[in-house]
Asker: 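Once you've had a glance at the structure underneath, I'll fire off some questions.
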Amino acid sequence: MSNGPLRIEQYDTVLYNANLNPMGIPESVKKALSENIDNIIRYPNDYYGNLKKAIATYAGCAEEHLVLGSGSSDLIRLYCALIAPKKALLPIPSFSEYENVLNIYGCDIDFYEYKEENDFKFDLADFVGHLNSSYDMIILGNPNNPTSQIISRDDIETLAEVCKELEIFLVIDEMYIDFAEDYHKLTSIPLVKEYSNIAILRSVSKFFAVPGLRLAYAVMNNPEYMEVLKITSTPNSISTLTAAACTEMFKDNGYINESQSQIFTERNLIYSAMSTNKNVKLFKPYANYMLVKILKDDVSANQIAAQCNLKGIVIRNCENIRGLNNKYIRFCFMKPEQNDLLVNTILELL
């Protein structure tokens with residue numbers, strides 16, 4: 001057999017490293033794209049009113065507190081340009097794009113290390129003990145990528161209060177929060193009413209499985225900053241088709257409820273299936289992916305990833321993530337029969 005694609009012929013390649021909703025593109029998106037194809041002759045800002053109304057209803061925020069962007073990386077860049085931080089505190093391990101964007105803007109970065117012995121959970125008292133007025137910005141993933149750990153709203157509120165006193169702008173990236181159980185009780189969006197020094201970022205890419213639509217939104221209640229963004233941001237940056245499709249997508253309660261139900265079920269099943277194996281340490285996941293540490297001395301993340309590739313399974317080898325090493329892998333949750341193959345393939349080496 002020739003050395004071709006990363007799969008044996010009888011297996012379809014499944015991207016367990018992409019963290020996308022296994023239900024795929026919502027039918028509401030396909031329908032809206034089809035029905036609005038002729039409207040690309042029109043400028044997209046005609047559609048922004050309906051889009052903002054749909055987002056505000058879905059996210060539980062005021063329309064005037066919304067900032068739109070073409071993806072979460074776009075919004076992170078937007079806030080770095082707005083705040084112009086000279087020094088930031090960044091927890092690790094976390095999404096590498098935070099560090100990349102801060103570096104682009106010439107920001108000095110101090111790293112705060114989540115502790116493995118604490119299951120990479122957020123320790124409010126310890127974290128606050130590292131803060132001082134030299135910092136201009138903090139970026140937190142909630143749930144965090146790649147650890148899949150969550151931070152309570154109470155902890156975020158306490159942190160926001162401390163940051164307010166120290167004049168630190170706090171960015172909370174909630175890209176994966178829609179996958180968490182009771183996420184309405186976890187999201188920091190309600191805190192925006194009280195705190196002008198925070199911004200909550202959300203993206204449609206992962207939960208709605210539409211990374212090609214390029215839409216993200218932030219929620220912020222700071223009139224001065226909103227005015228600056230209004231003046232400096234690119235007009236019509238969200239396309240007509242994206243605006244039309246996402247307006248309908250946010251109302252698609254059938255897709256939303258079924259997605260959450262499927263993810264909750266598969267997350268629990270996979271965690272239970274792997275938790276009895278003594279050669280792995282599982283970090284209990286709250287998002288649609290799980291971080292796993294390999295405890296067997298003679299097995300590395302590279303070997304597990306290579307074994308998975310043979311079955312058409314592409315997982316994330318975490319050895320190049322700051323704060324982790326070649327003993328960590330991350331994978332998301334897909335369809336039941338695919339997940340059975342994933343678990344069996346990983347455990348074959350353990």
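Below, each value reflects all heavy atoms present in this structure, side chains not excepted, and no hydrogens, waters or symmetry copies.
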Asker: Hey, is the main chain of D297 close enough, under 3.5 Å, to the side chain of K327 for a donor-acceptor pair?
Answerer: yes
Asker: Please say whether more than 12 non-hydrogen atoms of neighbouring residues, nucleotides or ligands are located less than 6.0 Å from CD in E194.
Answerer: no
Asker: Salt bridge between E248 and K251, side-chain N to carboxylate O under 4.0 Å?
Answerer: yes
Asker: Thinking salt bridges, do R322 and E99 make one under a 4.0 Å N-O criterion?
Answerer: yes
Asker: Any chance the rings of F208 and F250 have centres within less than 6.0 Å?
Answerer: yes
Asker: Got a donor-acceptor contact below 3.5 angstrom from the D74 side chain to the G69 backbone?
Answerer: no
Asker: If you count the non-hydrogen atoms of other residues, nucleotides and ligands that lie under 6.0 Å from CD in E167, is the total more than 12?
Answerer: no
Asker: Spell out, as yes or no, whether a donor-acceptor pair under 3.5 Å connects the side chain of T345 to the backbone of L341.
Answerer: yes
Asker: Is there a side-chain contact between L166 and Y135 (heavy atoms, below 4.5 Å)?
Answerer: no
Asker: Only one of I92, L90, D126 clears side chain to side chain contact (heavy atoms under 4.5 Å, CB included) with Y112; which?
Answerer: D126
Asker: Side chains of C80 and L102: does their closest heavy-atom pair fall under 4.5 Å?
Answerer: yes
Asker: Should E35 and K31 count as an ion pair when the cut-off is N to O under 4.0 Å?
Answerer: yes
Asker: Going by an N to O cut-off under 4.0 Å, is there a salt bridge joining K311 and E348?
Answerer: yes
Asker: Could you tell me whether a side-chain N or O of D136 sits under 3.5 Å from a main-chain N or O of K86, the two making a donor and an acceptor?
Answerer: yes
Asker: Taking atom CG of L124 and atom CD1 of I156, what is their separation to the nearest 0.5 Å?
Answerer: 9.0 Å
Asker: For I25, look at atom CD1 and say whether over 12 heavy atoms of other residues, nucleotides or ligands are found less than 6.0 Å away.
Answerer: no
Asker: With a 6.0 Å cut-off (strictly less than), is the heavy-atom count around CZ of F111, excluding the residue itself, greater than 12?
Answerer: yes
Asker: Look at the rings of F179 and F207 and say which category their plane angle falls in: under 30° parallel, 30 to 60° tilted, over 60° perpendicular.
Answerer: perpendicular
Asker: Hey, are the side chains of T147 and F283 touching, using non-hydrogen atoms and a 4.5 Å cut-off?
Answerer: no
Asker: If we ignore hydrogens and angles and just use 3.5 Å, is the side chain of S188 paired with the main-chain N or O of L191 as donor and acceptor?
Answerer: no
Asker: For D110 and L89, indicate whether the former's side chain and the latter's backbone hold a donor-acceptor pair under 3.5 Å.
Answerer: no
Asker: Taking the six-membered ring of Y289 as reference, does the NZ or CZ atom of R330 fall below 6.0 Å from its centre and within a 45° cone about the axis?
Answerer: yes
Asker: Strictly distance-based, threshold 3.5 Å: is any side-chain N or O of K206 a donor or acceptor partner for the main-chain N or O of A18?
Answerer: yes
Asker: Would a 4.5 Å heavy-atom cut-off, applied to side chains only, mark V292 and L282 as touching?
Answerer: yes
Asker: Please confirm whether the backbone N or O of S94 pairs with a side-chain atom of N144, one donor and one acceptor, at under 3.5 Å?
Answerer: no
Asker: Got a second to check how far N317's CG is from N326's CG, nearest 0.5 Å?
Answerer: 7.5 Å
